[in-house]
Amino acid sequence: MSSSPTTPPSSRTSLMETFLGLLRIRVWRGINLAVRDVRTSDPYIVIKMGKQKLKTRVIKKDVNPEWNEDLTLSVSDPDIPVKLTVYDHDTFSKDDKMGHAEFGIKAFIDALRMDSQGLPSGTIISRVQPCRTNCLSEESCIVWSEGRIVQDMCLRLKNVECGEVEIQLQWIDLPGARGL
């Protein structure tokens with residue numbers, strides 16, 4: 001009979017216990033994105049948070065693409081911003097940047113921590129105004145909708161002549177995570 005070594009209490013913390021939960025980013029669509037090919041572009045989006053990096057599929061020849069795609073990030077620190085970059089896919093050369101945006105999730109996390117049970121669907125919990133420190137092109141409402149909290153955002157892309165991206169934030173509680 002062999003004995004297994006015991007793990008010191010300080011290192012027993014599982015990876016799951018470092019996470020608050022999962023942030024699902026529904027990438028709806030791009031609006032009036034920049035032209036990077038002859039008359040159009042082949043856009044896709046890369047989303048980064050800390051060391052995590054996810055991307056959407058490429059939409060061919062469309063400056064108003066509709067992705068309707070969900071990308072999910074694990075959140076351990078709500079103060080880390082989410083960075084979104086739009087690229088034009090090129091076959092024979094390096095992909096061209098078509099602008100970027102950055103946003104924080106602190107207001108969204110704060111709304112999640114509130115007791116929203118019993119509120120009628122469609123109730124606005126909080127509002128985030130466009131300002132110099134975010135890329136919002138219009139007011140973003142955090143809403144209680146069908147039993148969950150969601151935040152719709154329209155992000156104006158920076159360092160590009162035109163373009164916006166519409167996304168929605170949703171939260172997924174993760175069993176075994178430390179939670180909110």
Side-chain angles (χ1 to χ4, degrees), residues 15-16 18-112 128-142 148-174 177:
L15 182 62
M16 291 297 290
T18 64
F19 296 129
L20 296 174
L22 299 175
L23 178 68
R24 176 178 289 150
I25 301 172
R26 177 159 290 157
V27 180
W28 289 117
R29 65 189 184 129
I31 302 165
N32 193 29
L33 299 179
V35 172
R36 289 293 179 259
D37 293 335
V38 178
R39 287 193 188 101
T40 188
S41 294
D42 304 316
Y44 67 94
I45 292 179
V46 173
I47 292 183
K48 293 181 184 179
M49 183 181 200
K51 295 179 180 178
Q52 300 172 82
K53 180 179 171 180
L54 302 168
K55 69 181 188 177
T56 65
R57 70 188 187 284
V58 174
I59 306 281
K60 296 284 186 189
K61 298 181 178 164
D62 197 342
V63 293
N64 293 294
E66 293 196 17
W67 286 281
N68 295 324
E69 215 170 302
D70 288 343
L71 302 176
T72 304
L73 298 164
S74 54
V75 177
S76 55
D77 182 355
D79 293 324
I80 296 174
V82 178
K83 297 176 182 183
L84 178 151
T85 307
V86 182
Y87 291 93
D88 170 46
H89 175 73
D90 288 324
T91 306
F92 301 109
S93 62
K94 188 176 180 213
D95 292 352
D96 302 311
K97 275 191 178 180
M98 298 171 62
H100 65 91
E102 186 174 299
F103 60 93
I105 61 168
K106 193 87 171 104
F108 182 67
I109 297 293
D110 289 345
L112 289 166
V128 181
Q129 299 298 325
C131 66
R132 289 183 184 188
T133 59
N134 65 36
C135 293
L136 294 173
S137 63
E138 59 191 39
E139 179 182 76
S140 173
C141 293
I142 301 170
R148 63 186 174 156
I149 293 176
V150 297
Q151 181 177 5
D152 290 315
M153 295 180 166
C154 186
L155 302 169
R156 180 170 290 124
L157 298 175
K158 292 181 173 182
N159 295 333
V160 68
E161 57 274 20
C162 59
E164 296 179 340
V165 174
E166 289 183 353
I167 63 171
Q168 182 184 72
L169 304 183
Q170 302 171 13
W171 187 255
I172 301 169
D173 285 318
L174 198 56

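Bear in mind that the values here come from a model prediction, so they are computed numbers and not experimental data.
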For Val86 and Leu33, run side-chain contact (heavy atoms from CB on, under 4.5 Å): C-alpha distance rounded to whole Å, both residues' side-chain angles, the deciding distance at 0.1 Å, then the answer.
CA-CA 9 Å; Val86 182; Leu33 299 179; 4.2 Å; yes
Between Arg148 and Trp171, is the side-chain contact (heavy atoms from CB on, under 4.5 Å) condition met? List the steps.
CA-CA 8 Å; Arg148 63 186 174 156; Trp171 187 255; over 6 Å; no
Can you check side-chain contact (heavy atoms from CB on, under 4.5 Å) on Lys106 and Asp110, steps first, answer last?
CA-CA 6 Å; Lys106 193 87 171 104; Asp110 289 345; 4.0 Å; yes
Please report the C-alpha distance between Lys97 and Asn159 in whole Å, then the side-chain angles of each, then the deciding distance to 0.1 Å, and finally whether the side-chain contact (heavy atoms from CB on, under 4.5 Å) criterion is met.
CA-CA 9 Å; Lys97 275 191 178 180; Asn159 295 333; over 6 Å; no
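Every side-chain contact (heavy atoms from CB on, under 4.5 Å) that Arg29 has, sequence neighbours left out, goes to Ile31, Glu66, Glu166.
Side chain of Asp88 to main chain of Asp95: no donor-acceptor pair is present (N/O by atom type, distance under 3.5 Å, no hydrogens or angles). No side-chain donor-acceptor contact under 3.5 Å links Arg24 to the backbone of Asp70. Between the side chain of Asp37 and the backbone N or O of Arg39 there is no donor-acceptor pair closer than 3.5 Å. A donor-acceptor distance shorter than 3.5 angstrom exists from the side chain of Thr56 to the backbone of Ile45, with no hydrogens or angles considered. Ser137 places no side-chain N or O within donor-acceptor distance of the main-chain N or O of Arg156, the cut-off being under 3.5 Å. Under the 3.5 Å distance criterion, the side-chain polar atoms of Trp28 are left unmatched by any main-chain donor or acceptor of Trp67. Counting only distance, with no hydrogens or angles, the side chain of Thr40 and the backbone of Asp62 share a donor-acceptor pair below 3.5 Å.
In this structure, Arg26 does not pair ionically with Glu69, as no charged nitrogen and carboxylate oxygen lie closer than 4.0 Å.
Of the residues listed (Arg36, Met98, His89), the one engaging Asp42 in a side-chain contact (heavy atoms from CB on, under 4.5 Å) is His89, and it is the only one. With Ile172 as the partner, the side-chain contact (heavy atoms from CB on, under 4.5 Å) test is satisfied by one option alone out of Leu22, Leu23, Val75: Leu22.
Among all heavy-atom pairs drawn from Val128 and Ala107, the shortest one is CG2-CB, 3.9 Å. Across every non-hydrogen atom of Ala34 and Ser41, the tightest pair is O-OG, 2.8 Å. The nearest pair of heavy atoms linking Tyr44 to Arg57 is CB-O, 3.6 Å. The two residues Ile167 and Leu169 make their nearest non-hydrogen contact at CD1-CD2, 4.3 Å. Smallest separation of non-hydrogen atoms from Ala111 and Ile149: O-CD1, 3.3 Å.
The shortest distance between side-chain heavy atoms of Leu136 and Gln129 does not fall below 4.5 Å. Proximity of Ile105 to Met49: side-chain heavy atoms (C-beta onward) are separated by under 4.5 Å at one or more points. A 4.5 Å side-chain heavy-atom check between Thr72 and Ile25 finds every atom pair outside the cut-off. In this structure, Gln151 and Cys141 have side chains that are not in contact, with every pair of non-hydrogen atoms separated by 4.5 Å or more.
Once rounded to the nearest 0.5 Å, the distance linking CG of Leu84 with CD1 of Ile47 reads 5.0 Å. Atom-to-atom distance recorded for Phe103:CZ and Lys83:NZ is 12.0 Å, nearest 0.5 angstrom. Here CG of Leu73 is found 10.5 Å from CZ of Phe19. Values are rounded to the nearest 0.5 Å. The distance from the CD atom of Glu138 to the CD atom of Glu164 is 7.0 Å, given to the nearest 0.5 Å. In this structure, Leu174 CG and Ser74 OG are separated by 8.5 Å, a value rounded to the nearest 0.5 Å. Taken from CD1 in Ile109 to CG in Leu20, the straight-line distance is 6.5 Å, to the nearest 0.5 Å.
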